[in-house]
Amino acid sequence: MEELGLRALHRRVAGIDVHRMLHVVTVLIEQSDGSMQRQTREFGGFRRDCRALAAWLAELHVELVVMESTGIYWKSVFTHLENAGITAWVVNAHRIKHVPGRKTDMADSEWLAVLARFGLVKASFIPPRDLRELRLVSRYRRKLSAMCASEINRLHKILDDGGIKLGGVVSDINGVSARAMVSALIAGQPIEQMLGLARGKLQQKREELGASLDGDLSARHLFVLGHIEAHIQTLQRELAEIDRYLLAAMRPYAWAHQLLQTIPGIDEIAAALIVIEIGDDMARFGRAQSLACWAALSPGNNESAGKRKSGRTGHGNSTIRFILCECANAARMTKSTLAAKYRSLMVRKSHKKAIIAVAHKMIRLIFVMLSRRQPYLDQGIDYAAMSAKKNAPRWIRQLKAIGRWPSPKSAAASA
């Protein structure tokens, strides 16, 4: 690297090749005469080994430690280094792989140390410990939510298999009225009694409801339905308990949690999940574009010879992307600028692409709001009018080209 004219930025660096039960550590120390001292040691994966690793690096006064984001195995090492007050970077393995210059069979740990010494790696965003631990809870919540949705779909399927077409009449099989009717079905209550459980507008569909509840449920249908219903209730109780825990954990981030709820489509749970993923300090990302790219919501930049080939979004944090796409789906049904943006995009794009675009706009709004500590203020932008103003001349030229634009005489005659 030095023969290429690169200047060393760090004098004492270490690279760690992280595995499940083995950590290979290489330390590079630049001596006063310019020579390099290289030391390599291996440590196990137990807690005592990680503590010994951190103590050894502290003894050598290492300035910077670099490791690849290998699965979840880096997390324990990172925590021990953090406790020892040693600066540690977790770097993207894909980017390390594409750094040119590695022509020898040096160890992975040594190559990481070399790249760190010359500043050829960039640290990934690692949230503070409190948010890292809260991620365990929030991501477990997502798993439970997916399980609950899967069980509701299974319930719907079993009902259809038994000739119960309740899902074709109610808008939500998991609604209050539908759940009460399913419980009554499992308990073997008569149809007339089940019709009395209808709430709201469903009371006007008594005839359709009666026909949909008249099926051929066997004893085995009822057996499976009973277990599914019990499982759904258990999952919903667990989700409610986790939601209470997450909301209580938002007290240190109350200002950010409240600000995010001013954006259409973001409720208190979604706001908590967003804060857990990105934190409340936007200085870590620097720019709104960087945050959007990290969240895998930025359009791709694949251009060659003046031709744009693909605009697909890249890889990034799939969790925050999922959360913001759900929020965008909720925002499109509100009376806001975000909903207007969605409607204007639907003229020429698919639903999924429009949702990604709205989610991209939301993540940029979040960056600005958290940076300025200001709530969301709807600008009332009319995207349909903006699109018409931009494209109207082109539309008129095309209509004239195909002879569809009315002439002055025909317009006067029709008037």
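R348 pairs by the side-chain contact (heavy atoms from CB on, under 4.5 Å) definition with L345, not counting sequence neighbours.
Relative ring orientation between W89 and H10 is described as perpendicular, the plane-to-plane angle rising above 60° on a 0-90° scale split at 30° and 60°. Using cut-offs of 30° and 60° on the angle between ring planes, the pair Y342 and H351 is perpendicular.
No more than 12 heavy atoms of other residues, nucleotides or ligands shown are found within 6.0 angstrom of NZ on K353. Counted within 6.0 Å of CD on Q233, heavy atoms from surrounding residues, nucleotides or ligands total more than 12; the atom is thus considered enclosed. Environment of CD1 in I72: sparse, with no more than 12 heavy atoms of neighbouring residues, nucleotides or ligands closer than 6.0 Å. In this structure, R139 places its CZ atom where more than 12 heavy-atom neighbours from other residues, nucleotides or ligands lie under 6.0 Å away. Summarising the local packing, CZ of R394 is surrounded by more than 12 heavy atoms from other residues, nucleotides or ligands at distances under 6.0 Å. Heavy-atom neighbours of F125 CZ from other residues, nucleotides or ligands within 6.0 Å: above the threshold of 12.
Remark: the backbone N or O of G162 is not paired with any side-chain donor or acceptor of D216 at under 3.5 angstrom. Although no hydrogens or angles enter the test, the distance criterion places a donor-acceptor pair under 3.5 Å between the side chain of S124 and the main chain of V90. Checking side-chain atoms of T234 against main-chain N and O of A230 turns up a donor-acceptor pair under 3.5 Å.
For the pair R7 and F118, the cation-pi criterion (under 6.0 Å, within 45° of the ring axis) is not fulfilled.
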Step by step, work out the side chain to side chain donor-acceptor pair (under 3.5 Å) result for D243 and Y245. CA-CA 5 Å; D243 288 347; Y245 182 88; over 6 Å; no
Intermediate values then yes/no, salt bridge (charged side-chain N to carboxylate O under 4.0 Å, His left out), K75 and E82: CA-CA 10 Å; K75 294 186 177 182; E82 187 180 44; over 6 Å; no
Go through L166 and V170 one step at a time and tell me if the side-chain contact (heavy atoms from CB on, under 4.5 Å) criterion holds. CA-CA 6 Å; L166 183 62; V170 299; 3.9 Å; yes
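Aromatic ring centres of F285 and F367 lie farther apart than the 6.0 Å criterion allows.
E110 and R117 are not joined by a salt bridge, as no carboxylate oxygen comes within less than 4.0 angstrom of a charged side-chain nitrogen. Salt bridge status for R135 with E277: present, with a side-chain N to carboxylate O gap under 4.0 Å. We find that E238 and R141 are not joined by a salt bridge, their nearest charged nitrogen and carboxylate oxygen being 4.0 Å or further apart. A salt bridge does not link E326 to R321: none of the charged nitrogens lies less than 4.0 Å from a carboxylate oxygen.
Atom CG of L155 is separated from atom CD1 of I228 by 5.5 Å, given to the nearest 0.5 angstrom.
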Side-chain polar contacts of residues 144-154 - donor-acceptor pairs under 3.5 angstrom, sequence neighbours left out - could you list them?
unit_1, atom_1, unit_2, atom_2, d
E151, OE2, H231, ND1, 2.7
N153, ND2, A149, O, 3.3

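Taking the side chain as every heavy atom from C-beta outward, Q374 and V368 never approach each other to under 4.5 Å.
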